[in-house]
K.L.:
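Sending over a structure as structure tokens; questions will come in a sec.
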Amino acid sequence: NEIKNCTISGNSSTGVYFGYSDYNTIDSNTIENNYNFGICTDHSGNNIIQYNTISGNGNTAIGSTSAGVSLRNFSNSNTMDSNTILDNTWDGIQLKPGSSNIIRNNTINQSILRADRSGIVLSGSSSQSNIIEGNTIENNNYYGISLGSGCNSNTISQNSVVRSKWGMNIENAKSNIVKYNTIQNSTVWGMTLIGSYTKYNQIYRNNFVNNAGQVAGVTGNTFSQDPPIGGNYWSNWVPPSHPDNNGDGFVDVPYVFPAG
């Protein structure tokens with residue numbers, strides 16, 4: 001099935017809903033101002049969601065978990081590509097849970113102020129082996145990207161996360177790869193790693209730029225690889241105060257984590 005070039009607006013529940021439905025395409029639609037979700041999939045896989053504008057969805061009811069897009073209940077192997085997701089009431093994109101999904105090249109901007117908005121949220125112990133890459137995530141008042149308990153073995157790469165309270169959060173999740181991202185102007189921390197099960201994560205070649213605090217909670221995780229890959233860029237740990245005397249492209253003294 002294909003839903004294309006439609007305007008889907010003002011529904012009392014969800015704009016587009018798939019339940020136990022595979023191999024569908026949602027392409028180039030305007031999906032706005034629906035009460036719960038813009039798009040919601042439930043036990044659905046191998047769907048393509050691309051080139052849509054998804055805005056103003058969700059509600060402020062107590063206990064609401066609404067979002068622009070929610071891939072729920074083992075919605076696996078879906079692709080979300082090049083969507084524009086704006087000003088939805090809670091999260092931009094949710095995986096609750098889902099595995100082997102690709103979320104790439106989306107723009108998520110939550111510019112209307114709300115205390116607990118996040119850009120991309122993975123939750124549930126089966127949210128594994130997802131690829132989150134090339135997304136632009138701005139103006140979230142909570143997390144830019146969040147991996148919850150048991151969200152293991154995901155790859156987070158080449159994303160730009162700007163002006164969140166916490167740029168990225170990993171909580172009781174392990175063996176994730178976080179690389180080639182830019183995390184900038186976070187008002188609390190660029191990245192937080194929380195919980196005794198947060199370990200074996202590899203975090204390298206990222207740019208941490210002008211965050212109020214760069215990283216909190218690092219024990220048991222790896223922040224560098226052998227040359228020529230190296231570690232991360234820290235805007236508060238650069239020449240001339242931290243020189244690169246041998247000219248190898250890495251400062252001579254490794255970054256000192258102030259919070260762990």
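All residue numbers refer to positions in the sequence shown, counting from 1.
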K.L.:
Pick one: which of Asn232, Thr182, Asn181 meets side chain to side chain donor-acceptor pair (under 3.5 Å) with Asn207?
P.N.:
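Filter result, single survivor: Thr182.
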K.L.:
Under a 3.5 Å distance rule, please check whether Asn78 uses its side chain to pair with a backbone N or O of Asn47 as donor and acceptor.
P.N.:
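Yes; judged by distance alone, with no hydrogens or angles, the pair exists.
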K.L.:
Under the salt bridge (Lys or Arg N to Asp or Glu O under 4.0 Å) test, which residues partner Asp81, sequence neighbours left out?
P.N.:
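Here the qualifying residues are Arg104.
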K.L.:
Taking salt bridge (Lys or Arg N to Asp or Glu O under 4.0 Å) as the definition, give me every residue that meets it alongside Asp27, ordered by chain and number, with sequence neighbours left out.
P.N.:
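Partners of Asp27 under the salt bridge (Lys or Arg N to Asp or Glu O under 4.0 Å) test: Lys4.
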K.L.:
Decide if atom CG of Asn5 counts as having more than 12 heavy atoms of other residues, nucleotides or ligands within a radius under 6.0 Å.
P.N.:
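Counting other residues, nucleotides and ligands, CG of Asn5 exceeds 12 neighbours.
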K.L.:
Locate the shortest heavy-atom distance separating Tyr35 from Ser12; write the atom from each residue and the value.
P.N.:
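Closest pair (atom of Tyr35, atom of Ser12, distance): CB-O, 3.3 Å.
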K.L.:
Please name all residues satisfying ring-ring contact (aromatic ring centres under 6.0 Å, His included) with Phe37, sequence neighbours left out, ordered by chain then number.
P.N.:
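Once residues adjacent in sequence are excluded, Phe37 has no partner under the ring-ring contact (aromatic ring centres under 6.0 Å, His included) criterion.
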K.L.:
Sequence neighbours excluded and cut-off under 3.5 Å, please list the side-chain donor-acceptor pairs for residues 166-173, or say none.
P.N.:
from: Asn169; atom 1: OD1; to: Thr192; atom 2: OG1; distance (Å): 2.7
from: Asn172; atom 1: OD1; to: Ser196; atom 2: N; distance (Å): 3.4
from: Asn172; atom 1: OD1; to: Tyr197; atom 2: N; distance (Å): 3.1

K.L.:
Surrounding OH of Tyr233 (heavy atoms of other residues, nucleotides or ligands, distance under 6.0 Å), is the total greater than 12?
P.N.:
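Enclosed.
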K.L.:
What residues, two or more places apart in sequence or in another chain, satisfy salt bridge (Lys or Arg N to Asp or Glu O under 4.0 Å) together with Arg72?
P.N.:
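For Arg72 there are no salt bridge (Lys or Arg N to Asp or Glu O under 4.0 Å) partners, ignoring immediate neighbours.
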K.L.:
Could you label the plane-to-plane angle of the Tyr255 and Trp234 rings as parallel, tilted or perpendicular, counting under 30° as parallel and over 60° as perpendicular?
P.N.:
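Because their plane-to-plane angle is under 30°, the rings of Tyr255 and Trp234 count as parallel.
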K.L.:
With sequence neighbours left out, write down each residue that passes side-chain contact (heavy atoms from CB on, under 4.5 Å) with Ser160, or none if nothing qualifies.
P.N.:
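Partners of Ser160 by the side-chain contact (heavy atoms from CB on, under 4.5 Å) criterion, ordered by chain and then number, come out as Val162.
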K.L.:
Verify, without hydrogens or angle tests, whether Gln94 (side chain) and Thr65 (backbone) share a donor-acceptor contact under 3.5 angstrom.
P.N.:
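Yes; at least one donor-acceptor contact below 3.5 Å.
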